[in-house]
2 protein chains.
Amino acid sequence: MTDQSSHFPIDYSPLFDYFDPFHRISQEAKEAISAICSLSKIPKNKDLQSIGHTCRTIYFVKKGIARIYYYKDGTDITESFAFENSLIARVESLFTGKPSRKGIQVLEDSDFIGISSPLLFDLYDQFPDIERLFRKIFESAYVETVNRIESLQFHSAEERYHALTQESPDFLKRIPLKYIASYLGITQVSLSRIRAQR
Amino acid sequence: MTDQSSHFPIDYSPLFDYFDPFHRISQEAKEAISAICSLSKIPKNKDLQSIGHTCRTIYFVKKGIARIYYYKDGTDITESFAFENSLIARVESLFTGKPSRKGIQVLEDSDFIGISSPLLFDLYDQFPDIERLFRKIFESAYVETVNRIESLQFHSAEERYHALTQESPDFLKRIPLKYIASYLGITQVSLSRIRAQR
DNA sequence: TTGATTTTTTAACATTTGTAAAAGGAATCG
DNA sequence: CGATTCCTTTTACAAATGTTAAAAAATCAA
(Lines give C-alpha, C1' and ligand atoms only; values in the text may rest on other atoms or scores of the structure.)
Protein backbone atom coordinates (compact mmCIF):
# COMPACT_ATOMS: atom_id res chain seq x y z
CA MET A 1 0.00 0.00 0.00
CA THR A 2 1.39 3.43 -0.90
CA ASP A 3 0.12 6.98 -0.65
CA GLN A 4 -2.80 5.86 1.46
CA SER A 5 -4.16 6.28 4.92
CA SER A 6 -4.78 3.19 6.95
CA HIS A 7 -6.70 2.19 10.03
CA PHE A 8 -4.84 -1.07 10.47
CA PRO A 9 -3.38 -1.62 13.95
CA ILE A 10 -0.60 0.94 14.38
CA ASP A 11 2.28 0.91 16.83
CA TYR A 12 1.83 4.19 18.70
CA SER A 13 4.69 3.69 21.15
CA PRO A 14 7.14 6.02 19.33
CA LEU A 15 4.52 8.76 19.48
CA PHE A 16 3.90 8.36 23.21
CA ASP A 17 7.62 8.05 23.86
CA TYR A 18 7.94 11.41 22.16
CA PHE A 19 5.14 12.90 24.25
CA ASP A 20 6.37 11.67 27.62
CA PRO A 21 9.16 14.21 28.32
CA PHE A 22 6.73 17.07 27.69
CA HIS A 23 3.92 15.90 29.96
CA ARG A 24 2.77 12.54 31.26
CA ILE A 25 -0.80 11.59 30.38
CA SER A 26 -3.05 8.78 31.54
CA GLN A 27 -3.60 5.51 29.70
CA GLU A 28 -7.15 6.65 29.04
CA ALA A 29 -5.89 9.85 27.43
CA LYS A 30 -3.48 7.86 25.28
CA GLU A 31 -6.33 5.71 24.06
CA ALA A 32 -8.39 8.78 23.26
CA ILE A 33 -5.51 10.11 21.15
CA SER A 34 -4.97 6.77 19.43
CA ALA A 35 -8.61 6.82 18.41
CA ILE A 36 -8.12 9.99 16.33
CA CYS A 37 -4.92 8.88 14.60
CA SER A 38 -4.25 7.17 11.30
CA LEU A 39 -1.14 6.00 9.48
CA SER A 40 0.02 7.49 6.17
CA LYS A 41 2.72 5.95 4.03
CA ILE A 42 4.02 8.39 1.43
CA PRO A 43 6.59 7.59 -1.27
CA LYS A 44 9.61 9.78 -1.87
CA ASN A 45 9.00 13.19 -3.48
CA LYS A 46 5.22 13.06 -3.08
CA ASP A 47 3.22 15.60 -1.11
CA LEU A 48 1.83 14.67 2.26
CA GLN A 49 -0.21 17.89 2.27
CA SER A 50 -0.66 20.06 -0.77
CA ILE A 51 -0.44 23.82 -1.14
CA GLY A 52 -3.76 25.58 -0.70
CA HIS A 53 -5.38 23.21 1.74
CA THR A 54 -6.14 24.05 5.33
CA CYS A 55 -4.05 22.17 7.88
CA ARG A 56 -6.25 19.84 9.89
CA THR A 57 -3.70 17.18 10.73
CA ILE A 58 -0.63 17.20 12.95
CA TYR A 59 1.88 14.62 11.74
CA PHE A 60 4.40 12.61 13.69
CA VAL A 61 7.27 11.37 11.53
CA LYS A 62 7.67 7.68 12.28
CA LYS A 63 10.09 7.06 9.44
CA GLY A 64 11.64 9.30 6.80
CA ILE A 65 11.98 13.05 6.29
CA ALA A 66 9.56 15.78 5.27
CA ARG A 67 9.82 19.47 4.55
CA ILE A 68 7.43 22.41 4.56
CA TYR A 69 7.80 24.43 1.36
CA TYR A 70 6.20 27.21 -0.63
CA TYR A 71 6.78 29.22 -3.76
CA LYS A 72 8.05 32.77 -3.76
CA ASP A 73 8.01 34.32 -7.26
CA GLY A 74 8.12 30.86 -8.79
CA THR A 75 11.09 29.58 -6.79
CA ASP A 76 10.75 26.73 -4.36
CA ILE A 77 11.59 27.67 -0.76
CA THR A 78 12.00 25.28 2.15
CA GLU A 79 10.71 26.67 5.43
CA SER A 80 11.63 23.73 7.64
CA PHE A 81 12.50 20.04 7.83
CA ALA A 82 11.23 17.26 10.08
CA PHE A 83 13.08 14.04 10.80
CA GLU A 84 12.07 10.81 12.51
CA ASN A 85 10.56 11.28 15.96
CA SER A 86 9.33 14.81 15.52
CA LEU A 87 6.10 16.57 14.70
CA ILE A 88 5.35 18.56 11.57
CA ALA A 89 2.44 20.86 10.81
CA ARG A 90 1.83 24.14 9.02
CA VAL A 91 1.09 26.00 12.22
CA GLU A 92 0.08 29.28 10.60
CA SER A 93 -2.84 27.38 9.07
CA LEU A 94 -3.43 25.00 11.99
CA PHE A 95 -3.97 27.84 14.45
CA THR A 96 -5.77 30.31 12.21
CA GLY A 97 -7.97 27.89 10.25
CA LYS A 98 -6.97 29.63 7.02
CA PRO A 99 -5.75 27.78 3.91
CA SER A 100 -1.98 27.44 3.78
CA ARG A 101 0.20 28.70 0.95
CA LYS A 102 2.61 25.98 2.03
CA GLY A 103 2.80 22.27 1.36
CA ILE A 104 4.47 19.30 3.03
CA GLN A 105 6.64 17.14 0.81
CA VAL A 106 8.32 13.87 1.65
CA LEU A 107 12.04 13.46 0.86
CA GLU A 108 12.31 9.70 1.44
CA ASP A 109 9.71 6.94 1.55
CA SER A 110 8.11 7.87 4.87
CA ASP A 111 5.58 6.78 7.48
CA PHE A 112 3.52 9.29 9.43
CA ILE A 113 1.05 9.11 12.26
CA GLY A 114 -1.57 11.76 11.51
CA ILE A 115 -3.50 13.30 14.40
CA SER A 116 -6.76 14.99 13.45
CA SER A 117 -6.48 18.51 14.83
CA PRO A 118 -10.23 19.31 15.09
CA LEU A 119 -10.74 16.08 17.04
CA LEU A 120 -7.67 16.76 19.12
CA PHE A 121 -8.93 20.22 20.04
CA ASP A 122 -12.22 18.60 21.08
CA LEU A 123 -10.30 16.27 23.37
CA TYR A 124 -8.87 19.31 25.16
CA ASP A 125 -12.23 19.82 26.91
CA GLN A 126 -12.42 16.25 28.08
CA PHE A 127 -8.73 15.77 28.98
CA PRO A 128 -7.01 18.87 30.41
CA ASP A 129 -3.78 16.84 30.41
CA ILE A 130 -3.94 16.50 26.65
CA GLU A 131 -4.35 20.26 26.33
CA ARG A 132 -1.39 20.73 28.65
CA LEU A 133 0.72 18.23 26.70
CA PHE A 134 0.17 20.02 23.41
CA ARG A 135 0.55 23.41 25.03
CA LYS A 136 4.03 22.38 26.13
CA ILE A 137 4.88 20.84 22.78
CA PHE A 138 3.98 24.01 20.93
CA GLU A 139 5.68 26.24 23.50
CA SER A 140 8.81 24.30 22.80
CA ALA A 141 8.35 24.64 19.04
CA TYR A 142 7.79 28.36 19.55
CA VAL A 143 11.12 28.65 21.35
CA GLU A 144 12.88 26.87 18.48
CA THR A 145 11.33 29.30 16.05
CA VAL A 146 12.47 32.31 18.06
CA ASN A 147 16.00 30.92 18.04
CA ARG A 148 15.80 30.42 14.29
CA ILE A 149 14.95 34.11 13.85
CA GLU A 150 18.12 35.03 15.67
CA SER A 151 20.04 32.82 13.28
CA LEU A 152 18.48 34.36 10.17
CA GLN A 153 18.58 37.90 11.49
CA PHE A 154 22.23 38.22 12.31
CA HIS A 155 24.36 35.34 11.29
CA SER A 156 26.00 35.18 7.88
CA ALA A 157 25.05 32.42 5.48
CA GLU A 158 28.40 30.80 6.18
CA GLU A 159 27.81 30.83 9.94
CA ARG A 160 24.35 29.34 9.44
CA TYR A 161 25.72 26.58 7.24
CA HIS A 162 28.44 25.61 9.67
CA ALA A 163 26.03 25.69 12.60
CA LEU A 164 23.83 23.30 10.67
CA THR A 165 26.64 20.87 9.90
CA GLN A 166 27.47 20.75 13.60
CA GLU A 167 23.94 20.52 15.00
CA SER A 168 22.59 18.01 12.51
CA PRO A 169 25.15 16.35 10.26
CA ASP A 170 22.29 14.13 9.10
CA PHE A 171 20.89 17.06 7.17
CA LEU A 172 23.77 17.00 4.76
CA LYS A 173 23.67 13.28 4.16
CA ARG A 174 19.96 12.87 3.58
CA ILE A 175 18.72 16.16 2.14
CA PRO A 176 19.49 17.56 -1.33
CA LEU A 177 21.55 20.74 -1.11
CA LYS A 178 19.05 22.69 -3.16
CA TYR A 179 16.58 22.37 -0.29
CA ILE A 180 19.17 23.25 2.31
CA ALA A 181 20.12 26.41 0.42
CA SER A 182 16.66 27.96 0.56
CA TYR A 183 16.26 26.80 4.16
CA LEU A 184 19.37 28.86 4.97
CA GLY A 185 17.95 31.78 3.02
CA ILE A 186 20.50 31.69 0.20
CA THR A 187 20.81 30.37 -3.35
CA GLN A 188 22.25 27.02 -4.38
CA VAL A 189 25.17 28.81 -5.96
CA SER A 190 26.04 30.63 -2.74
CA LEU A 191 25.86 27.40 -0.81
CA SER A 192 28.21 25.68 -3.26
CA ARG A 193 30.65 28.54 -2.85
CA ILE A 194 30.57 28.26 0.93
CA ARG A 195 31.10 24.52 0.74
CA ALA A 196 34.02 24.91 -1.68
CA GLN A 197 35.86 27.20 0.71
CA ARG A 198 37.73 24.31 2.32
CA MET B 1 7.41 57.45 41.23
CA THR B 2 9.72 56.19 38.48
CA ASP B 3 11.54 52.95 37.80
CA GLN B 4 9.57 51.21 40.51
CA SER B 5 6.99 48.49 40.91
CA SER B 6 3.79 49.39 42.66
CA HIS B 7 0.89 47.62 44.30
CA PHE B 8 -1.35 50.66 44.27
CA PRO B 9 -4.78 50.06 42.73
CA ILE B 10 -4.25 49.39 39.05
CA ASP B 11 -6.73 49.64 36.20
CA TYR B 12 -6.62 46.16 34.69
CA SER B 13 -9.34 46.74 32.10
CA PRO B 14 -6.93 47.21 29.14
CA LEU B 15 -5.35 43.87 30.01
CA PHE B 16 -8.65 42.00 30.16
CA ASP B 17 -9.87 43.76 27.03
CA TYR B 18 -6.76 42.38 25.36
CA PHE B 19 -7.44 38.87 26.69
CA ASP B 20 -11.10 38.70 25.71
CA PRO B 21 -10.80 37.95 21.96
CA PHE B 22 -8.50 35.01 22.74
CA HIS B 23 -10.66 33.32 25.37
CA ARG B 24 -13.28 34.49 27.82
CA ILE B 25 -12.53 33.83 31.46
CA SER B 26 -14.64 34.13 34.61
CA GLN B 27 -14.62 37.08 36.97
CA GLU B 28 -13.02 34.82 39.55
CA ALA B 29 -10.22 33.97 37.14
CA LYS B 30 -9.70 37.66 36.41
CA GLU B 31 -9.38 38.37 40.09
CA ALA B 32 -6.87 35.54 40.44
CA ILE B 33 -4.78 37.07 37.66
CA SER B 34 -5.07 40.57 39.11
CA ALA B 35 -3.67 39.23 42.36
CA ILE B 36 -0.38 38.25 40.71
CA CYS B 37 0.14 41.49 38.78
CA SER B 38 2.00 44.67 39.56
CA LEU B 39 2.58 47.94 37.77
CA SER B 40 6.00 49.11 36.56
CA LYS B 41 6.70 52.61 35.34
CA ILE B 42 9.98 52.81 33.44
CA PRO B 43 11.53 56.00 32.07
CA LYS B 44 12.72 56.26 28.48
CA ASN B 45 15.89 54.31 27.57
CA LYS B 46 16.00 52.33 30.82
CA ASP B 47 15.86 48.55 30.97
CA LEU B 48 12.69 46.85 32.11
CA GLN B 49 14.57 43.52 32.28
CA SER B 50 18.32 43.27 32.05
CA ILE B 51 20.49 40.89 30.06
CA GLY B 52 21.44 37.75 31.96
CA HIS B 53 18.37 37.43 34.13
CA THR B 54 15.82 34.67 33.81
CA CYS B 55 12.43 35.78 32.54
CA ARG B 56 9.83 35.36 35.27
CA THR B 57 7.43 38.10 34.25
CA ILE B 58 5.15 38.53 31.28
CA TYR B 59 4.55 42.21 30.59
CA PHE B 60 1.55 43.93 29.13
CA VAL B 61 2.39 47.33 27.62
CA LYS B 62 -0.14 49.78 28.99
CA LYS B 63 1.64 52.84 27.66
CA GLY B 64 4.81 53.31 25.63
CA ILE B 65 7.09 51.06 23.57
CA ALA B 66 9.63 48.43 24.46
CA ARG B 67 12.09 46.30 22.54
CA ILE B 68 13.87 43.01 23.14
CA TYR B 69 17.57 43.34 22.32
CA TYR B 70 20.87 41.55 22.63
CA TYR B 71 24.49 41.98 21.64
CA LYS B 72 26.11 40.08 18.79
CA ASP B 73 29.87 40.70 18.62
CA GLY B 74 29.43 43.98 20.45
CA THR B 75 26.68 45.39 18.23
CA ASP B 76 23.20 46.02 19.56
CA ILE B 77 20.49 43.99 17.81
CA THR B 78 16.75 44.44 18.18
CA GLU B 79 14.82 41.20 18.09
CA SER B 80 11.33 42.66 18.41
CA PHE B 81 9.21 45.62 19.45
CA ALA B 82 6.06 45.84 21.56
CA PHE B 83 3.58 48.69 21.43
CA GLU B 84 0.63 49.64 23.63
CA ASN B 85 -1.86 46.84 24.16
CA SER B 86 0.44 43.94 23.53
CA LEU B 87 2.45 41.47 25.56
CA ILE B 88 6.20 41.24 25.71
CA ALA B 89 8.41 38.52 27.19
CA ARG B 90 11.65 36.76 26.38
CA VAL B 91 9.96 33.48 25.59
CA GLU B 92 13.13 31.46 25.08
CA SER B 93 13.85 32.11 28.77
CA LEU B 94 10.24 32.06 29.99
CA PHE B 95 9.63 28.55 28.66
CA THR B 96 13.02 27.01 29.34
CA GLY B 97 13.78 28.59 32.73
CA LYS B 98 17.27 29.45 31.52
CA PRO B 99 18.85 32.92 31.87
CA SER B 100 18.29 35.11 28.83
CA ARG B 101 21.05 36.71 26.78
CA LYS B 102 18.45 39.31 25.89
CA GLY B 103 17.14 42.38 27.66
CA ILE B 104 14.00 44.50 27.44
CA GLN B 105 14.53 48.22 26.99
CA VAL B 106 11.94 50.96 27.02
CA LEU B 107 11.91 53.50 24.16
CA GLU B 108 9.50 56.01 25.70
CA ASP B 109 8.38 56.62 29.28
CA SER B 110 6.23 53.52 29.66
CA ASP B 111 3.78 51.74 31.95
CA PHE B 112 3.66 47.96 32.19
CA ILE B 113 1.45 45.46 33.94
CA GLY B 114 3.76 42.63 34.98
CA ILE B 115 2.33 39.15 35.44
CA SER B 116 4.42 36.79 37.55
CA SER B 117 4.96 33.74 35.35
CA PRO B 118 5.63 31.18 38.13
CA LEU B 119 2.43 32.27 39.86
CA LEU B 120 0.57 32.28 36.56
CA PHE B 121 1.70 28.72 35.79
CA ASP B 122 0.43 27.73 39.24
CA LEU B 123 -2.95 29.21 38.39
CA TYR B 124 -3.14 26.88 35.38
CA ASP B 125 -3.94 23.97 37.74
CA GLN B 126 -6.70 25.84 39.47
CA PHE B 127 -8.20 27.57 36.41
CA PRO B 128 -8.10 25.54 33.19
CA ASP B 129 -9.55 28.57 31.43
CA ILE B 130 -6.48 30.61 32.33
CA GLU B 131 -4.27 27.88 30.87
CA ARG B 132 -6.40 27.88 27.75
CA LEU B 133 -6.28 31.67 27.49
CA PHE B 134 -2.49 31.76 27.57
CA ARG B 135 -2.22 28.73 25.33
CA LYS B 136 -4.15 30.65 22.68
CA ILE B 137 -2.17 33.83 23.23
CA PHE B 138 1.12 32.04 22.74
CA GLU B 139 -0.18 30.05 19.77
CA SER B 140 -0.98 33.34 18.16
CA ALA B 141 2.47 34.72 18.99
CA TYR B 142 3.97 31.55 17.55
CA VAL B 143 2.14 32.12 14.27
CA GLU B 144 3.47 35.68 14.10
CA THR B 145 6.98 34.37 14.61
CA VAL B 146 6.60 31.82 11.83
CA ASN B 147 5.48 34.59 9.51
CA ARG B 148 8.44 36.69 10.51
CA ILE B 149 10.79 33.87 9.49
CA GLU B 150 9.28 33.91 6.04
CA SER B 151 9.96 37.61 5.87
CA LEU B 152 13.60 37.26 6.93
CA GLN B 153 14.23 34.15 4.88
CA PHE B 154 13.19 35.33 1.48
CA HIS B 155 12.34 38.95 1.26
CA SER B 156 14.98 41.56 0.49
CA ALA B 157 15.77 44.25 3.03
CA GLU B 158 13.91 46.72 0.83
CA GLU B 159 10.79 44.54 0.73
CA ARG B 160 10.92 44.13 4.49
CA TYR B 161 11.23 47.86 5.02
CA HIS B 162 8.31 48.70 2.77
CA ALA B 163 6.18 45.99 4.36
CA LEU B 164 6.93 47.55 7.72
CA THR B 165 6.00 51.07 6.61
CA GLN B 166 2.66 49.74 5.37
CA GLU B 167 1.79 47.45 8.29
CA SER B 168 2.87 49.77 11.07
CA PRO B 169 3.60 53.34 10.04
CA ASP B 170 3.84 54.09 13.76
CA PHE B 171 7.15 52.27 13.84
CA LEU B 172 8.79 54.94 11.77
CA LYS B 173 7.44 57.82 13.77
CA ARG B 174 8.25 56.55 17.25
CA ILE B 175 11.29 54.32 16.91
CA PRO B 176 14.85 55.45 16.13
CA LEU B 177 15.99 54.11 12.78
CA LYS B 178 19.05 52.47 14.28
CA TYR B 179 16.76 50.04 16.09
CA ILE B 180 14.63 49.43 13.03
CA ALA B 181 17.71 48.58 10.96
CA SER B 182 18.83 45.70 13.13
CA TYR B 183 15.23 44.52 13.49
CA LEU B 184 15.16 44.23 9.68
CA GLY B 185 18.49 42.39 9.77
CA ILE B 186 20.49 45.15 8.06
CA THR B 187 22.81 48.01 9.02
CA GLN B 188 21.83 51.63 9.58
CA VAL B 189 23.69 52.59 6.42
CA SER B 190 21.74 50.11 4.30
CA LEU B 191 18.50 51.37 5.75
CA SER B 192 19.43 54.95 4.95
CA ARG B 193 20.18 53.92 1.38
CA ILE B 194 16.83 52.20 1.03
CA ARG B 195 15.04 55.24 2.44
CA ALA B 196 16.90 57.58 0.10
CA GLN B 197 15.76 55.68 -2.97
CA ARG B 198 12.69 57.82 -3.40
C1' DT C 1 25.26 -1.11 -18.01
C1' DT C 2 23.73 2.74 -20.76
C1' DG C 3 21.38 6.82 -21.55
C1' DA C 4 18.60 10.31 -19.64
C1' DT C 5 17.63 13.20 -15.95
C1' DT C 6 18.64 15.62 -11.92
C1' DT C 7 21.80 17.73 -8.81
C1' DT C 8 25.90 20.19 -7.81
C1' DT C 9 29.68 22.93 -9.02
C1' DT C 10 32.06 26.46 -11.51
C1' DA C 11 32.59 30.83 -14.00
C1' DA C 12 31.76 35.67 -15.14
C1' DC C 13 29.48 39.54 -14.14
C1' DA C 14 25.81 42.48 -11.70
C1' DT C 15 23.75 43.91 -7.56
C1' DT C 16 23.22 44.28 -2.81
C1' DT C 17 24.92 44.90 1.56
C1' DG C 18 28.74 45.84 4.83
C1' DT C 19 32.54 48.87 6.80
C1' DA C 20 34.67 53.02 8.15
C1' DA C 21 34.84 57.71 8.36
C1' DA C 22 32.99 62.20 7.95
C1' DA C 23 29.40 65.63 7.74
C1' DG C 24 24.91 67.36 8.62
C1' DG C 25 20.74 67.53 11.64
C1' DA C 26 18.14 66.97 15.63
C1' DA C 27 17.54 66.61 20.40
C1' DT C 28 19.06 67.52 25.07
C1' DC C 29 20.76 69.86 28.94
C1' DG C 30 22.83 73.28 31.63
C1' DC D 1 20.87 80.44 24.15
C1' DG D 2 24.94 77.67 23.17
C1' DA D 3 27.42 73.51 23.60
C1' DT D 4 27.31 68.82 23.66
C1' DT D 5 25.70 64.57 22.45
C1' DC D 6 23.25 61.44 19.73
C1' DC D 7 21.07 60.15 15.37
C1' DT D 8 20.94 59.95 10.42
C1' DT D 9 22.79 60.45 6.02
C1' DT D 10 26.41 60.43 2.70
C1' DT D 11 30.67 58.86 0.51
C1' DA D 12 34.08 55.58 -1.08
C1' DC D 13 35.54 51.24 -1.12
C1' DA D 14 35.34 46.12 0.18
C1' DA D 15 32.99 41.88 0.70
C1' DA D 16 29.09 38.94 0.17
C1' DT D 17 25.43 37.26 -2.39
C1' DG D 18 22.50 37.00 -6.61
C1' DT D 19 21.90 35.85 -11.71
C1' DT D 20 22.65 33.35 -15.72
C1' DA D 21 24.70 29.91 -18.19
C1' DA D 22 27.47 25.98 -18.80
C1' DA D 23 30.14 22.00 -17.27
C1' DA D 24 30.79 18.23 -14.18
C1' DA D 25 29.06 14.85 -11.13
C1' DA D 26 25.64 12.00 -9.27
C1' DT D 27 21.38 9.59 -9.55
C1' DC D 28 17.70 7.08 -11.71
C1' DA D 29 15.28 4.19 -14.84
C1' DA D 30 15.05 1.17 -18.71
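So that the names make sense, note that chain A is the first sequence line, chain B the second, and so on, each numbered from 1.
Put simply, CD1 on B/Ile194 is 15 Å from C1' on D/dT10, counting in whole angstrom units. Whole-Å rounding puts the A/Lys173 NZ to D/dA26 P distance at 18 Å. When the P atom of D/dT17 is taken as reference, atom CZ of A/Arg160 falls 8 Å away, rounded to whole Å. Between the P atom of D/dA14 and the CZ atom of B/Arg193 lies a distance of 15 Å, rounded to the nearest Å. The interatomic distance linking B/Gln153 (CD) with D/dT17 (C1') rounds to 16 Å, in whole Å.
Cation-pi contact between A/Arg67 and A/Tyr179: present, with separation from the ring centre below 6.0 Å and deviation from the ring axis of at most 45°. The side-chain tip of A/Lys136 does not point at the ring of A/Phe22 from less than 6.0 angstrom away and within 45° of straight on.
The span of DNA chain C lying next to chain A, judged by atoms under 4.0 Å from heavy atoms, is bounded 5' to 3' by C/dT7 to C/dA12.
Using cut-offs of 30° and 60° for the angle between ring planes, the B/Tyr18 and B/Phe60 rings count as tilted. A/Phe134 and A/Phe19 have perpendicular rings, their planes meeting at more than 60° on a 0 to 90° scale where under 30° would count as parallel.
Through direct or relayed side-chain contacts under 4.5 Å between Ile, Leu, Val, Met, Phe, Trp and Tyr, B/Val189 connects to no other residue.
In terms of position on DNA chain C, the residue among B/Glu158 and B/Lys44 whose nearest nucleotide sits closer to the 5' end is B/Glu158.
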Any protein N or O atoms within reach of nucleotides 6-9 of chain D? Criterion: under 3.5 Å, listing atom names and distances.
unit_1: D/dC7; atom_1: OP1; unit_2: B/Lys178; atom_2: NZ; d: 2.8
unit_1: D/dC7; atom_1: OP2; unit_2: B/Lys178; atom_2: NZ; d: 2.8
unit_1: D/dT8; atom_1: OP1; unit_2: B/Leu177; atom_2: N; d: 2.9
unit_1: D/dT8; atom_1: OP2; unit_2: B/Leu177; atom_2: N; d: 3.2
unit_1: D/dT8; atom_1: OP2; unit_2: B/Lys178; atom_2: N; d: 3.0
unit_1: D/dT9; atom_1: OP1; unit_2: B/Arg195; atom_2: NE; d: 3.1
unit_1: D/dT9; atom_1: OP1; unit_2: B/Arg195; atom_2: NH2; d: 3.1
unit_1: D/dT9; atom_1: OP2; unit_2: B/Ser192; atom_2: OG; d: 2.6
unit_1: D/dT9; atom_1: O5'; unit_2: B/Ser192; atom_2: OG; d: 3.2

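Using modelled atom types, no side-chain atom of B/Thr145 and backbone atom of A/Thr145 make a donor-acceptor pair closer than 3.5 Å.
For A/Lys72, the NZ atom is densely surrounded, since the number of other residues' heavy atoms within 6.0 Å is greater than 12.
The aromatic ring centroids of B/Phe81 and B/Tyr183 lie less than 6.0 Å from each other.
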